[in-house]
Structures are given as structure tokens and as C-alpha cells.
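Note on naming: letters A, B, ... go to the chains in the order of the sequence lines (proteins, then strands), and numbering restarts at 1 for each one. Bear in mind the structure is a predicted one, so any value in this text is a computation, not a measurement.
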There are 2 protein chains.
Amino acid sequence: MSGSAGDNGSGPRSRPTMRDIAAQTGVSPMSVSRALRGDPGVSEATRAQVLAAVKAFGYQPNEFARQLRTGGPTHVIALVVGHLANPFYAQFAVGVERVAAQHGTRLMIMSTNNDLANERQVINDLRARQVDGVIIVPATPDHRHLAELGGPGSPVVFATTPPNGVEASSVIVDDFGGMRELCGRLLAAGHRRIGLLRLNRAMWTGSERFRGFAAAHAEQGVRFDERLITEHAGDSHWAMRETRRLLRLSDPPSAVIAANNLMTIGALRAVRDAGSDITLAGFDDIEVADLFQRSLTLVTFNADQLGERSAEVLFERQRPRTTGTGDGERRPSGPPVRDVLPTKLISYGEPLRAP
Amino acid sequence: MSGSAGDNGSGPRSRPTMRDIAAQTGVSPMSVSRALRGDPGVSEATRAQVLAAVKAFGYQPNEFARQLRTGGPTHVIALVVGHLANPFYAQFAVGVERVAAQHGTRLMIMSTNNDLANERQVINDLRARQVDGVIIVPATPDHRHLAELGGPGSPVVFATTPPNGVEASSVIVDDFGGMRELCGRLLAAGHRRIGLLRLNRAMWTGSERFRGFAAAHAEQGVRFDERLITEHAGDSHWAMRETRRLLRLSDPPSAVIAANNLMTIGALRAVRDAGSDITLAGFDDIEVADLFQRSLTLVTFNADQLGERSAEVLFERQRPRTTGTGDGERRPSGPPVRDVLPTKLISYGEPLRAP
DNA sequence: TTGAAAGCGCTAACAT
DNA sequence: ATGTTAGCGCTTTCAA
């Protein structure tokens with residue numbers, strides 16, 4: 001009546017093992033093992049008995065013990081991201097999980113809070129836990145601490161940022177092209193003073209998106225004003241303050257570009273509070289941008305698809321680990337993959353306006 | 001130059017074990033074990049040697065083997081949610097992870113895509129993987145398939161929905177009170193025909209929020225029109241269509257309440273497209289609601305904190321598993337906890353208006 | 001069809 | 001301070 005099965009009577013004990021099932025059934029643990037795995041070498045009679053006992057005990061095989069013995073894959077991959085609350089990561093994770101499920105693999109999502117020490121710990125932990133592979137959105141520009149990953153049986157894929165100092169596959173976004181297009185449009189519309197809330201130059205996305213900004217200016221023969229460009233790790237509070245500052249300049253920009261989704265939100269708040277009619281644009285899509293009060297032009301890409309592609313690359317590179325001391329094994333596969341996803345400019349609300 | 005350490009020369013082999021380190025160092029595996037765990041019973045000399053060899057081999061102890069032997073906790077808890085892309089879950093996960101980190105525990109996030117069969121599989125998998133505990137936001141109203149969780153050493157906490165048919169702790173939101181307050185305010189403002197996009201009545205949140213709606217009407221002596229109430233699992237597309245339908249009624253509502261965050265988004269889109277000036281309200285907070293074109297009144301609660309509290313409850317109920325055949329162990333602890341988090345009404349944009 | 005022995009990688013408990 | 005033995009829960013291998 002009260003609890004489920006397996007807890008018959010007095011003191012709860014530790015989880016039942018195969019031996020318990022064997023004892024209960026009157027067969028050897030080996031037969032239990034066979035019965036549970038669907039091995040043909042058991043009579044239907046014993047199999048039925050075993051399964052009954054299993055159900056009665058609420059028995060669940062210990063996956064670790066099995067994995068230890070067989071040396072097979074764990075069917076777990078890990079996704080390491082900076083901060084879960086960023087909707088980009090969530091959407092990315094959705095894509096990864098879809099592909100993982102297709103491969104009968106579970107996804108373990110770990111967040112580093114964009115902290116290097118934390119990232120290190122997480123990585124070590126994942127290695128110790130024998131995950132079949134890792135997809136990482138690196139928090140830092142230097143990836144040498146990730147070198148230990150990517151060994152045989154545990155490939156790694158870098159997402160949004162190519163590996164730096166390590167050999168590994170990567171799936172990234174056309175940061176340069178996307179920003180170049182956006183900035184080019186603004187310039188073509190007549191904007192001459194464009195503010196930029198950029199990401200740290202040490203970050204790949206930071207430098208690439210900035211390169212796009214600079215390239216667009218160069219192509220249209222416009223010199224940009226350094227004082228309209230500020231750099232940060234990229235949170236919304238900072239973006240809000242910084243946008244406010246830009247708006248108050250004696251010679252303010254006629255447009256502002258925010259280099260990521262969170263900064264776009266911050267910039268929007270500053271513009272709203274100031275009642276300014278400055279043109280606003282940003283990198284990264286925002287799911288509900290169509291509901292915003294202000295028009296917004298965004299460099300978008302399919303985060304979902306980025307996740308899918310990353311996972312596909314990961315699985316392509318997986319090879320079953322050798323059990324014993326096997327020595328003649330091949331490397332994961334050929335040279336690292338390096339995929340680049342295209343971006344697409346989307347205007348929510350009105351299209352880009354002249355200043 | 002090229003790769004990192006441990007891959008000196010020809011063919012990569014399987015991961016090194018303690019024996020490899022021992023052989024390399026000329027000590028016994030036991031000393032390696034001791035050195036790695038910081039056990040005092042090793043000379044500084046050997047410890048140094050061991051650590052050097054470990055670094056050279058890129059050796060990482062196998063956490064599974066260790067766990068198997070010691071029978072200790074795995075220091076992993078799992079969070080099972082419906083769909084990662086829902087920002088509520090992401091925010092919830094942030095809170096859970098914060099508390100988990102404080103307990104030196106990793107968080108494994110698994111999504112079920114709101115599918116029962118999937119949920120079952122995930123749960124089994126987690127049991128097989130010996131997680132120290134599970135926090136679940138149940139996808140379905142019937143929780144009997146979760147009965148196997150919650151055994152000794154692996155407690156469960158239900159979040160947002162109390163357990164049904166199982167004994168377990170839960171941390172939920174004041175669904176009833178929140179909706180009652182919101183609806184009460186609308187009625188007090190003079191609204192007499194209020195539309196409701198409600199969740200499935202089989203779901204706890206669905207029935208509780210509806211109870212609040214009904215209670216508010218009863219208290220103010222207003223009869224609600226059943227035809228203004230529609231029921232669904234709660235996605236934004238459906239909410240959009242349904243809101244459109246409500247707006248087109250010959251006797252349309254003067255206000256519409258959406259029973260969750262996704263439906264609120266859908267309703268907003270419908271209202272925008274229709275150019276209607278209907279009053280809109282919803283359950284669940286929306287991070288960027290302050291940037292929306294339309295004013296919105298929301299029943300909010302702190303998802304972060306809900307996550308923290310759930311994790312705290314989980315850890316309170318954890319007890320170290322007994323290693324051997326220990327029999328005199330106690331139950332996790334006293335009776336199940338049942339926490340309820342308060343809600344808070346927030347108006348973004350203008351406050352609630354009369355019809 | 002079934003079982004006994006051995007061992008996956010590690011560590012507790014006992015030697016030395 | 002170091003090593004040996006045994007065994008965690010399971011499965012592979014070999015024998016009956």
C-alpha cells in the first residue's frame with residue numbers, strides 16, 4: 001500500500017544486486033545477467049522467474065559496474081556552457097539533445113558560470129566520468145587546459161569558438177560576415193556614426209564581430225570613431241550603462257550595435273529610458289523581438305541547428321573504445337572538422353532607417 | 001608541440017590506469033591511490049614521483065571504479081525538466097546548480113520533451129547511474145512510474161507539482177493564490193468578461209490556477225462565461241490561435257489571462273496582430289516583459305529561488321548510502337517536505353486598466 | 001541451458 | 001611508508 005516494491009517490512013537496505021535476484025530465484029548471478037540483457041542463452045522459464053524477481057525487488061542494474069567490466073561507451077555526452085539562463089545556450093542545448101537522442105545517448109549539461117577555474121574542474125570531472133564526448137562553448141580564449149580532452153574515446157567539439165592551442169573540431173557562426181552585413185546596411189542607410197558595444201577582444205566572437213564592423217566601414221570608406229566603441233564581457237547591465245553614456249555624448253551615434261543578445265537587451269532598456277529614437281541593432285536572435293516596443297535589426301543564426309551540427313560532428317568522430325590493452329587502434333578520424341554556419345539579417349518592426 | 005602529453009609516439013592505447021602509473025613509478029598501485037587522494041600514508045618523495053607520472057600520462061582516475069569500490073555518493077544530482085528552451089526551466093536550473101555547487105555536487109540536466117515514455121526512460125537511466133538524487137518537474141499528472149525513485153540514497157523532490165500517488169517532498173508555487181489575486185484585481189478594475197487560456201485540468205498547475213480564477217469570481221459574485229475558457233497543454237501557437245478566436249467573438253472578453261509564460265507570448269502576438277486594446281495578463285514572469293510594446297500584468301515568482309529551495313530540500317534529505325549489507329539504516333528523514341513559494345503581481349508598462 | 005572463475009579499476013583492511 | 005589480499009557489481013570466458 002504505502003511504498004512501492006522491494007521494501008518489504010523492516011529496515012531498508014542498500015540497493016539490491018544481481019546476487020539478491022539470483023538468490024531469490026535460485027539461479028546463478030550469471031543467469032540473471034543473461035536474462036536481463038536478453039541473451040539467448042537462458043530458458044524462457046528462468047528468464048520469466050528472473051524478471052519477476054527483478055520487478056519485485058525494484059532492481060536496477062548498476063550501469064557503472066557494467067560499464068567498468070565491458071569497457072564500452074557510457075552513452076553520455078556532455079555539453080559545457082557558460083550560463084544556463086542565456087537563452088542562446090538553452091536553444092543550443094535543444095539541438096544537441098535531439099541529435100544525442102538519435103544516437104541513444106544522454107546529454108549532461110554543465111555550466112561553468114564563465115569561470116576558468118570552474119571550467120577546469122568541470123572538464124576534469126567529465127573525464128573522470130568517462131563521458132563519450134564533450135561539446136564545449138568555451139568561456140575563455142585560451143584552451144590549453146582542454147587539451148586533455150579529445151583523447152581516444154572522448155572527442156571534443158568546440159562550438160561558437162574554434163580551438164586555440166589544441167587540435168579539435170569546431171562548429172562556429174559566421175561572426176565576421178554577419179556583423180559586416182549588418183554594419184554595411186547601416187552605413188548604406190546613411191549612418192555615419194555607429195556605436196558598438198563589443199565583446200572582449202580576447203574572445204573569438206569578440207574579435208571576429210569587430211573585424212566585421214571594421215571591414216564594413218573600410219568598404220564604404222567611412223572612418224569609425226573609436227570613442228563610440230566600448231568593450232566588455234557582455235552583460236546587459238553594463239550594456240545599459242554604456243548605451244546611456246553613448247546617448248549623452250555631445251556628438252552621439254545615430255545607431256548602436258550590441259554584439260550579443262544580452263547586450264542588446266541592455267541597450268534597449270537604455271534607449272527606452274532615454275526616450276531616444278536612435279537606431280538599434282544587435283548580434284544573436286531574440287525569440288520575442290517581434291513583441292518589443294522598439295524596432296530592432298538582428299544578425300540571427302539558428303542556435304538549434306548549431307547544436308545539432310555540433311553533436312553530429314561529435315558523433316562522427318566517436319570510435320568505440322578498445323577494451324583491453326589493444327594497441328593497434330586508429331585515431332578518432334581524419335583532420336578536425338571546422339564548420340561555419342551562415343547568419344541572416346532580420347528586422348523586427350520597421351526595417352533599418354536612415355539617421 | 002602538436003598534441004598534449006601522454007600520447008608519446010605511435011599508437012594511442014586505451015586510457016591509462018593506476019597500474020600504468022604504478023609500473024612507471026616503480027611503486028604499488030596502492031601507493032598511487034594514496035598519493036592521488038592525499039592520503040597521509042605516503043612519503044613526499046613517492047607522492048611527487050606519482051604526480052609527475054600522472055601528469056605525464058594525462059592520467060585521470062576512473063570515478064566509476066572508485067565509486068563502485070567505496071559505495072560512496074556519486075556527487076551528481078539530476079534535474080529532469082520538460083523542455084530546456086522554456087526560460088522558466090533554465091532559470092530554475094540556475095538556482096538548482098548554485099545549491100548543488102555549494103554541496104560539491106554536479107548537476108545533470110535531462111529533458112523529457114514532456115513525453116511520458118521519455119520520462120520513464122530518463123528516470124530508469126538515472127537510477128542505473130546512481131545519482132544521489134533527482135529533482136523533477138513532472139511532465140504528467142500521474143507519478144506512479146516515479147515510485148522507484150526515492151529509495152534509500154536517492155531522494156526525489158517534485159518541483160511545481162506535488163507528488164501524486166508517491167510519497168516525496170515537493171516545492172511548489174502558490175498557483176491558486178497567485179491566480180486568485182490576479183483575477184481579483186481584474187474584476188475589481190471592472191472587468192466582467194475575462195478570457196482564460198488555461199492549462200490541462202489534469203495538471204496540478206492547470207487545476208490550481210483555474211481554482212484561483214474561479215475563486216476570485218466567486219468572491220466578487222461574478223459568474224464567468226465558460227465559452228471564454230479554453231484548455232491546452234500550453235504552447236504559444238495554440239494560445240495565439242485561441243486568443244484570436246476570443247477576440248473575434250461577438251461578445252468578446254475585455255481581458256485575457258494566459259496560464260503560463262509561453263501562452264502569454266502567444267496571446268501577445270494575437271493581440272498585436274489584431275490591433276486589439278484588450279487587457280492582457282499572465283502567469284509566470286517574463287524576463288524582458290518591460291520591453292514589450294503592450295502592457296502586461298504577470299503573476300511572478302522567483303524561478304531561481306524555486307530551484308534553490310528544491311535543491312536544499314533534496315540535500316536535506318540525503319543520507320550517505322551504506323556500503324555493505326548494512327541493515328540498521330534509517331529512512332532518509334522525517335515526513336516529506338512540502339514548501340510553497342509565494343507569488344507577486346507585477347505590472348509591466350501601465351497598471352491594470354478598467355475595460 | 002547453466003555455472004564457476006577471473007577481472008574491469010579502484011580502495012578498505014590488514015599485513016609488513 | 002609501502003605492499004598484499006580481497007571485493008565493489010557486473011560480464012567475459014571457459015567448462016559442465
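- Whole-Å rounding puts the A:Arg129 CZ to C:dG9 P distance at 18 Å.
- Atom CG of A:Leu68 and atom P of D:dG7 are 17 Å apart (whole Å).
- Between the CD atom of A:Gln49 and the C1' atom of C:dT1 there is a distance of 14 Å, rounded to whole Å.
- Rounded to whole angstrom, the span from the CZ atom of B:Phe64 across to the C1' atom of C:dG9 amounts to 12 Å.
- The distance from atom CG of A:Leu79 to atom CZ of A:Phe92, rounded to the nearest 0.5 Å, is 6.0 Å.
- Toward the 5' end of DNA chain D, the nearer of the two residues B:Ala65 and B:Thr46, judged by each one's closest nucleotide, is B:Thr46.
- Helix bend of the helix from C:dT1-D:dA16 to C:dT16-D:dA1: the angle between its two end axes, each built from five pairs, comes to 40° after rounding to 10°.
- Closest to the side chain of B:Arg69, from the set D:dG7, D:dC10, C:dT2, is D:dG7.
- Residue A:Gln67 contributes atom CD, which lies 12 Å from atom P of C:dC10 at whole-angstrom precision.
- The distance from atom CD of B:Gln60 to atom P of C:dC10 is 10 Å, rounded to the nearest whole Å.
- Ring pair B:Phe158/B:His143 is tilted by interplanar angle, where 30° to 60° counts as tilted.
- Listed by residue number, the members of residues 28-44 of chain A with any heavy atom below 4.0 angstrom from DNA chain C are A:Ser28, A:Met30, A:Ser31, A:Arg34, A:Gly41, A:Val42, A:Ser43.
- Shown here are the salt bridge (charged side-chain N to carboxylate O under 4.0 Å, His left out) partners of B:Asp115, two or more places apart in sequence or in another chain: there are none.
- No more than 12 heavy atoms of other residues, nucleotides or ligands sit less than 6.0 Å from atom CD of B:Glu167.
- Contacts of B:Arg120 classified as salt bridge (charged side-chain N to carboxylate O under 4.0 Å, His left out), with partners at least two apart in sequence or in another chain: none.
- Scored by the side chain to side chain donor-acceptor pair (under 3.5 Å) test, B:Glu312 finds B:Arg309 as partners (sequence neighbours excluded).
- B:Ser170 is linked by a side chain to side chain donor-acceptor pair (under 3.5 Å) to nothing, counting only residues two or more places apart in sequence or in another chain.
- Of the listed nucleotides (D:dC8, D:dT2, D:dG3), D:dC8 has the atom at the smallest distance from the side chain of A:Arg19.
- Between atom CD1 of residue B:Ile123 and atom CG of residue B:Leu126 there is a gap of 5.5 Å, rounded to the nearest 0.5 Å.
- Remark: A:His75 NE2 to B:Asp125 CG distance equals 10.0 Å, nearest 0.5 Å.
- If you take CD1 of B:Ile21 and C1' of C:dC10, they are 13 Å apart, rounded to a whole angstrom.
- At whole-Å resolution of the value, CD in A:Glu63 and C1' in D:dG9 are 12 Å apart.
- Of the side-chain N and O atoms in B:Tyr59, one or more sit less than 4.0 angstrom from OP1 or OP2 of C:dC10.
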